[in-house]
Amino acid sequence: MVYRFFADIILITHLCYILFVVFGGLLLFKRRWLWKLHLPAVIWGFSVQYFVWICPLTNIENRLRSLGGEAGYENGFIDHFVTSLIYQDIAPEIHIFIAAALLLSNLSIYFYVYLYAEN
């Protein structure tokens with residue numbers, strides 16, 4: 001029971017981290033210092049998608065689920081939860097597209113915030 005609880009905490013943390021990576025650049029409009037946290041998160045998110053790595057949080061969650069008597073999942077978080085809603089399997093080209101979209105969208109936000117937004 002305790003292992004399942006902590007696995008769920010990891011799952012929620014993982015989701016929050018992904019949301020921060022994807023949308024965290026928008027927080028720079030109010031708190032510019034957040035780039036110090038957001039930029040490394042974007043670099044990690046880009047790397048995980050581009051190189052098709054499995055995030056360590058996925059391994060931790062799977063281990064906790066296993067200890068709690070549940071089955072884990074083989075693929076990464078995005079493959080298992082997000083793309084499984086749309087696709088049966090995600091192609092490597094889609095990973096590259098997601099990585100590029102993540103990088104370009106956040107670079108656009110950074111560019112706009114630092115060059116055009118009011119201080």
Side-chain angles (χ1 to χ4, degrees):
M1 182 78 172
V2 173
Y3 292 118
R4 292 178 186 177
F5 172 76
F6 284 117
D8 290 342
I9 295 296
I10 295 292
L11 175 71
I12 292 166
T13 302
H14 204 173
L15 179 60
C16 290
Y17 184 81
I18 290 170
L19 291 174
F20 178 67
V21 168
V22 174
F23 300 110
L26 298 173
L27 297 172
L28 286 131
F29 283 104
K30 294 289 183 184
R31 307 233 187 317
R32 290 196 179 186
W33 62 268
L34 280 173
W35 74 268
K36 295 174 185 176
L37 299 174
H38 186 250
L39 187 59
V42 169
I43 291 169
W44 175 254
F46 172 83
S47 298
V48 167
Q49 282 304 305
Y50 186 82
F51 296 110
V52 194
W53 295 339
I54 293 181
C55 181
L57 290 175
T58 301
N59 293 331
I60 294 168
E61 180 191 347
N62 282 336
R63 179 71 177 139
L64 288 169
R65 292 210 183 280
S66 174
L67 290 171
E70 293 182 65
Y73 47 91
E74 293 178 17
N75 302 335
F77 181 89
I78 290 177
D79 282 344
H80 185 75
F81 288 105
V82 179
T83 58
S84 64
L85 296 174
I86 302 168
Y87 307 106
Q88 292 301 319
D89 194 14
I90 186 168
E93 295 83 18
I94 301 297
H95 279 283
I96 292 171
F97 173 78
I98 292 170
L102 175 67
L103 190 62
L104 291 175
S105 65
N106 279 290
L107 284 176
S108 299
I109 292 169
Y110 275 58
F111 181 77
Y112 182 82
V113 167
Y114 283 101
L115 293 182
Y116 296 110
E118 293 182 23
N119 291 326

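All figures in this text were calculated on a predicted structure; none of them were measured in a lab.
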- Query: Would you say the side-chain atoms of Ser47 pair up with the backbone N or O of Ile43, donor to acceptor, closer than 3.5 Å?
  - Reply: yes

- Note on the structure: Of all heavy-atom pairs linking Gln49 and Ala99, the shortest is CB-CB, 3.8 Å

- Message: Among Val22, Val21, Leu15, which residue satisfies the side chain to side chain contact (heavy atoms under 4.5 Å, CB included) criterion with Leu19?
- Response: Leu15

- Message: Once you measure the plane-to-plane angle for Trp53 and Trp44, does it fall in the parallel (<30°), tilted (30-60°) or perpendicular (>60°) bin?
- Response: tilted

- Residues Val42 and Leu103: closest non-hydrogen pair is CG1-CD1, 4.5 Å

- Do you reckon Leu37 sits in the same ILVMFWY cluster as Tyr17, going by side-chain contacts under 4.5 Å, direct or chained? no

- Does Tyr3 reach the main-chain N or O of Arg63 with its side chain, forming a donor-acceptor pair under 3.5 Å? no

- Tell me whether Leu104 is reachable from Phe97 by hopping between hydrophobic residues (I, L, V, M, F, W, Y) whose side-chain heavy atoms are closer than 4.5 Å. no

- Message: So, taking the atom named CG in Leu11 and the one named CD1 in Ile60, what distance separates them when rounded to the nearest 0.5 Å?
- Response: 13.0 Å

- Message: Can you tell me how far apart CD1 (Ile96) and CZ (Phe51) are? Round to the nearest 0.5 Å.
- Response: 9.5 Å

- Task: For atom CZ of Phe6, decide whether the heavy atoms of other residues, nucleotides or ligands shown that lie under 6.0 angstrom number more than 12.
- Result: no

- Message: If hydrophobic clusters are built by linking Ile, Leu, Val, Met, Phe, Trp and Tyr wherever their side-chain heavy atoms come under 4.5 Å apart, do Val2 and Ile10 end up in the same one?
- Response: yes

- Item | Gap between atom CD1 of Ile18 and atom CG of Leu102 - 0.5 Å precision | 10.5 Å

- Query: Under 3.5 Å, side chain of His38 to main-chain N/O of Phe20, donor-acceptor pair present?
  - Reply: yes

- Message: Return the CG to CG distance between Leu57 and Asn62, rounded to the nearest 0.5 Å.
- Response: 11.0 Å

- Taking all heavy atoms of Arg65 and all of Asp8, pick out the closest pair and write down the distance. NH2-OD1, 2.8 Å

- Message: Quick check for you: to the nearest 0.5 Å, what is the distance between Trp33 atom CH2 and Leu27 atom CG?
- Response: 9.5 Å

- Item | Pairwise side-chain contact, Ile12 with Cys16, heavy-atom cut-off 4.5 Å (strictly under) | yes

- Query: Using 30° and 60° as the class limits, which term best fits the ring planes of Tyr50 and Phe46: parallel, tilted or perpendicular?
  - Reply: parallel

- Task: For residues Val113 and Arg32, report the shortest heavy-atom separation together with the two atoms involved.
- Result: O-NH2, 3.0 Å

- Query: Do Phe23 and Leu34 share a hydrophobic cluster (ILVMFWY, side-chain heavy atoms under 4.5 Å, transitive)?
  - Reply: no

- Query: Say you draw a straight line from CG of Asn106 to OH of Tyr110; how long is it, rounded to the nearest 0.5 Å?
  - Reply: 6.5 Å

- Measure across Arg4 and Gly68 and return the closest heavy-atom pair with its distance rounded to 0.1 Å. NE-O, 2.9 Å

